[in-house]
Amino acid sequence: MDESLSISVFRPLAQAWERMKAILFDPFDLQKWLVLGFSCFLAELASYASNLGGNSSGDFSSNSGGNNNLGALGDFWTQWGPAISVVVIVIAIAALLLLIAIGVVLLWVSCRGHFVFVDNVVHNRAQIVAPWQKFKEQGWTLFYIYLIAGGLFFLSIIVY
């Protein structure tokens with residue numbers, strides 16, 4: 001069988017390993033490592049931000065089973081409870097809108113950062129500004145795609 005037509009799993013892995021060694025260690029350059037790391041951080045910024053919420057599996061149910069007579073506190077809540085509830089709801093909505101705005105900005109930076117990182121890896125260089133400017137249109141396009149897909153996903157959750 002002709003060697004050029006054979007399929008090998010290990011050949012691409014070996015080529016990738018050699019390229020990685022050449023980019024990162026031939027010669028070793030700390031500044032290049034730091035710039036590549038920063039561009040990777042920019043590319044993954046939106047995923048870091050989405051993981052900040054964490055998971056909560058706590059039981060927040062109240063099972064006091066005791067006396068529900070709150071006395072003065074009950075009187076206070078009867079008089080001021082609705083007003084306090086409105087203020088809390090307004091603050092919660094404002095906080096939610098602020099978090100959404102921050103998330104959109106981080107998504108935009110991440111979309112541009114994807115192109116910066118890929119350009120640095122493909123061309124074996126460590127630059128931020130030049131690829132940031134060069135791939136401006138592609139970054140905006142990716143941002144719009146992610147924004148529309150995320151909006152449709154959010155809408156589907158609300159409708160469901």
Side-chain angles (χ1 to χ4, degrees), residues 7 9 12-13 15-17 19-20 23-24 32-160:
I7 297 174
V9 174
L13 290 175
Q15 290 172 345
W17 183 261
R19 175 138 173 94
M20 182 269 310
I23 289 173
L24 296 178
K32 185 176 185 180
W33 273 69
L34 293 175
V35 172
L36 281 174
F38 181 68
S39 65
C40 182
F41 170 75
L42 288 177
E44 296 301 318
L45 193 58
S47 63
Y48 297 144
S50 68
N51 291 330
L52 287 179
N55 294 326
S56 174
S57 60
D59 183 14
F60 297 109
S61 62
S62 175
N63 191 11
S64 62
N67 188 2
N68 289 333
N69 185 7
L70 298 176
L73 182 60
D75 294 338
F76 172 80
W77 187 254
T78 303
Q79 183 177 2
W80 294 101
I84 292 172
S85 297
V86 169
V87 170
V88 168
I89 289 171
V90 168
I91 290 172
I93 290 172
L96 181 65
L97 291 175
L98 179 65
L99 288 175
I100 290 172
I102 290 171
V104 168
V105 169
L106 292 178
L107 178 65
W108 174 75
V109 171
S110 178
C111 288
R112 298 280 292 268
H114 276 86
F115 288 100
V116 171
F117 179 66
V118 169
D119 183 68
N120 282 332
V121 170
V122 167
H123 294 105
N124 190 12
R125 59 181 171 209
Q127 297 178 344
I128 299 293
V129 177
W132 182 271
Q133 293 171 346
K134 179 179 179 183
F135 297 106
K136 181 179 182 178
E137 291 179 27
Q138 292 86 352
W140 276 108
T141 303
L142 183 62
F143 171 72
Y144 292 141
I145 290 170
Y146 279 161
L147 202 59
I148 291 169
L152 290 174
F153 177 73
F154 182 71
L155 185 64
S156 70
I157 289 176
I158 290 174
V159 170
Y160 181 70

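Nothing fancy with the numbering, it's 1 onward along the sequence.
- A pairwise comparison of heavy atoms in A130 and Q127 identifies CB-OE1, 3.5 Å as the closest pair.
- Taken from CG in L107 to CG in L142, the straight-line distance is 7.5 Å, to the nearest 0.5 Å.
- Side-chain contact annotation: N124 with K32, donor-acceptor N/O pair under 3.5 Å present.
- The CD1 atom of I100 sits 10.0 Å away from atom CG of L98, with the distance rounded to the nearest 0.5 Å.
- Residues N120 and P131 come closest through the heavy atom pair OD1-CG, 4.2 Å.
- Smallest separation of non-hydrogen atoms from C111 and Y146: SG-CD1, 3.4 Å.
- Using bins of under 30°, 30° to 60° and over 60° for the plane-to-plane angle, the ring pair W108/W140 lands in the tilted bin.
- L45 has its side chain within reach of F41: a pair of non-hydrogen atoms, C-beta onward, lies under 4.5 Å apart.
- Closest non-hydrogen pair, R19 versus H123, comes out as NH2-N, 4.3 Å.
- Q133 pairs by the side chain to side chain donor-acceptor pair (under 3.5 Å) definition with nothing, not counting sequence neighbours.
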Stepwise side chain to side chain contact (heavy atoms under 4.5 Å, CB included) check, F135 with V118: CA-CA 11 Å; F135 297 106; V118 169; over 6 Å; no
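- Formation of a donor-acceptor pair under 3.5 Å by the S110 side chain with backbone atoms of L106 is not found in this model.
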Could you walk me through whether F117 and L42 satisfy the side chain to side chain contact (heavy atoms under 4.5 Å, CB included) test, starting with their C-alpha distance in whole Å, then the side-chain angles of each, then the deciding distance to 0.1 Å, before giving a yes or no? CA-CA 8 Å; F117 179 66; L42 288 177; over 6 Å; no
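- A distance of 11.0 Å separates CZ in F38 from CG in L34, rounded to the nearest 0.5 Å.
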Anything under 3.5 Å between a donor and an acceptor, one on a side chain of residues 151-160, the other on a protein residue two or more places apart or in another chain? List them.
| unit_1 | atom_1 | unit_2 | atom_2 | d |
| --- | --- | --- | --- | --- |
| S156 | OG | L152 | O | 3.4 |
| S156 | OG | F153 | O | 2.7 |

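- Note: C40 SG to H114 NE2 = 9.0 Å, rounded to the nearest 0.5 Å.
- Applying the 6.0 Å contact sphere to CH2 of W33 captures more than 12 heavy atoms from other residues, nucleotides or ligands.
- Between atom CZ of residue R112 and atom CD of residue Q138 there is a gap of 9.5 Å, rounded to the nearest 0.5 Å.
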